[in-house]
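Contents: one structure, followed by commentary.
The figures that follow rest on heavy atoms only: side chains count, while hydrogens, waters and symmetry mates do not.
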Amino acid sequence: MRKLIVLGVVGLLAQLVDGSLGMAYGVTSSTLLLAAGIAPAAASAAVHFSEIGTSLVSGFSHHRLGNVDWKTVSTLAVPGFIGAFAGATFLSSLPADTAKPWVAGLLLALGLYVIYRFLLLGGRRPSFKARPGAKFLVPMGLVGGTLDSIGGGGWGPVGTTTLLSSGRLEPRKVVGSIDTSEFVVAVGGSLGFLIALSSQGIPWDYALALLTGGVIAAPIAAWLVRHLPARVLGVAAGGLIVLTNTKTIAEALGATGITVGLLAAVVAVLWISGIAWAVAQERKSRAVEQHEEAYAEA
């Protein structure tokens with residue numbers, strides 16, 4: 001019972017981060033399940049089944065608050081479903097450990113670009129181009145869905161990172177659209193695991209505990225992303241990408257636990273400093289706008 005309560009709290013915290021920054025639910029939850037001795041396929045299956053409920057509530061909450069671009073969601077849904085189903089079905093035979101550091105390196109580079117794009121704006125506000133098309137979204141959906149099932153998480157890191165770095169949607173709509181489309185990805189992955197593992201190989205009690213915590217947190221996270229400025233949200237998401245993938249790469253290169261911890265601490269300090277700078281820049285932009293408005297009225 002104690003383990004289930006802990007998993008419920010983890011589900012709540014993971015969804016709070018995922019729903020406000022567009023990633024981390026699967027990665028956080030899968031990591032804990034693996035640490036508890038659950039096999040990788042079973043852990044990923046439990047996460048995906050819990051995500052069916054959490055992503056449904058999260059998507060509805062984001063929609064109510066205007067955080068969803070439905071054209072982007074509809075384009076991502078089918079390739080995400082196909083990728084997740086394929087990744088779940090062939091999880092046991094795919095060399096995920098080999099590919100993981102290379103994927104982490106790509107995401108790290110994209111995360112740094114996201115921070116650069118939103119942090120080094122001076123007093124200017126970020127601008128966004130037209131929404132991405134099918135040629136951009138379909139490959140991203142296939143790759144993100146596949147990695148999501150293989151690694152127990154990946155839809156958010158791939159989708160949120162790629163869309164943020166493209167500059168084609170404002171951050172709150174990136175997060176809302178990725179979270180909403182994750183429902184279809186979770187269904188695809190869950191069906192694949194049912195075929196590959198059968199229902200007996202899935203820890204349903206763990207999935208239910210994660211689901212309970214995630215459902216509670218989903219509306220709160222959607223409200224947060226609605227009210228966070230684009231600059232602050234972009235830097236926060238980019239920092240999470242860099243922190244997560246720096247740790248993954250260090251571990252893949254054989255770094256000791258102490259080294260990984262120190263590296264993560266340094267990145268975390270820089271991340272917090274970046275968020276503080278983004279907040280200061282946002283206040284500066286608002287002060288300039290208020291001054292211009294007052295001057296115009298005078």
Side-chain angles (χ1 to χ4, degrees), residues 18-19 21-27 44 47-48 51 55 58-59 62 67-91 94 96 99-118 126 128-189 192 225 230 233-234 237-238 240-242 244-245 248:
D18 187 276
L21 296 184
M23 68 192 78
Y25 180 86
V27 174
S44 186
V47 170
H48 277 79
E51 280 183 324
S55 60
S58 181
H62 279 298
N67 298 335
V68 181
D69 183 272
W70 284 104
K71 186 173 182 179
T72 298
V73 172
S74 62
T75 307
L76 278 174
V78 173
F81 178 94
I82 295 171
F85 183 85
T89 304
F90 299 106
L91 173 60
L94 291 174
K100 192 174 183 180
W102 294 100
V103 174
L106 175 60
L107 294 177
L108 175 62
L110 287 173
L112 289 171
Y113 176 73
V114 169
I115 294 174
Y116 170 82
R117 185 174 188 279
F118 286 96
F128 306 99
K129 300 177 238 178
R131 66 165 62 91
K135 290 183 179 179
F136 180 86
L137 294 174
V138 170
M140 187 192 84
L142 285 169
V143 172
T146 302
L147 291 176
D148 193 78
S149 288
I150 295 173
W155 181 252
V158 171
T160 302
T161 303
T162 307
L163 282 178
L164 279 175
S165 63
S166 74
R168 299 186 183 186
L169 282 177
E170 56 183 304
R172 70 180 181 90
K173 289 201 171 182
V174 168
V175 173
S177 300
I178 290 297
D179 266 25
T180 302
S181 58
E182 193 168 19
F183 170 75
V184 180
V185 175
V187 171
V225 76
L233 184 59
L240 182 61
I241 296 165
V242 171
T244 302
N245 291 289
T248 299

Checklist entry - When Leu163 is tested against each of Leu137, Val175, Val158 for side-chain contact (heavy atoms from CB on, under 4.5 Å), which residue passes? => result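 Going through the options one by one, the only one that passes is Leu137.
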Item to check | Interatomic distance, Thr160 atom OG1 to Leu169 atom CG [nearest 0.5 angstrom] | outcome: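 Thr160 OG1 to Leu169 CG: 11.0 Å, rounded to 0.5 Å.
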Next on the checklist: Going by side-chain hydrogen bond (donor to acceptor under 3.5 Å, both in side chains), name the residues that satisfy it together with Ser55, two or more places apart in sequence or in a different chain.
Outcome noted: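 Scan of Ser55 (side-chain hydrogen bond (donor to acceptor under 3.5 Å, both in side chains), adjacent residues dropped) gives none.
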Checklist entry - So, does Thr162 use its side chain to make a donor-acceptor pair with the main chain of Gly159 at under 3.5 Å? => result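 Not confirmed, Thr162 side chain does not pair with Gly159 backbone.
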With a cut-off of 3.5 Å and sequence neighbours excluded, list every side-chain donor-acceptor pair involving residues 74-85.
unit_1	atom_1	unit_2	atom_2	d
Ser74	OG	Trp70	O	3.2
Ser74	OG	Lys71	O	2.9
Thr75	OG1	Lys71	O	2.9

Next on the checklist: Contact between His62 and Val73 at the side-chain level, heavy atoms closer than 4.5 Å - yes or no?
Outcome noted: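 The answer is no; the side chains never approach within 4.5 Å.
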Next on the checklist: Using side-chain heavy atoms (C-beta onward) and a distance below 4.5 Å, is Val185 in contact with Glu51?
Outcome noted: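 No, every pair of side-chain atoms sits at 4.5 Å or beyond.
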Checklist entry - Closest heavy-atom contact between Ser149 and Gly87? => result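 Taking Ser149 first and Gly87 second, the nearest heavy atoms are CB-C, 3.6 Å.
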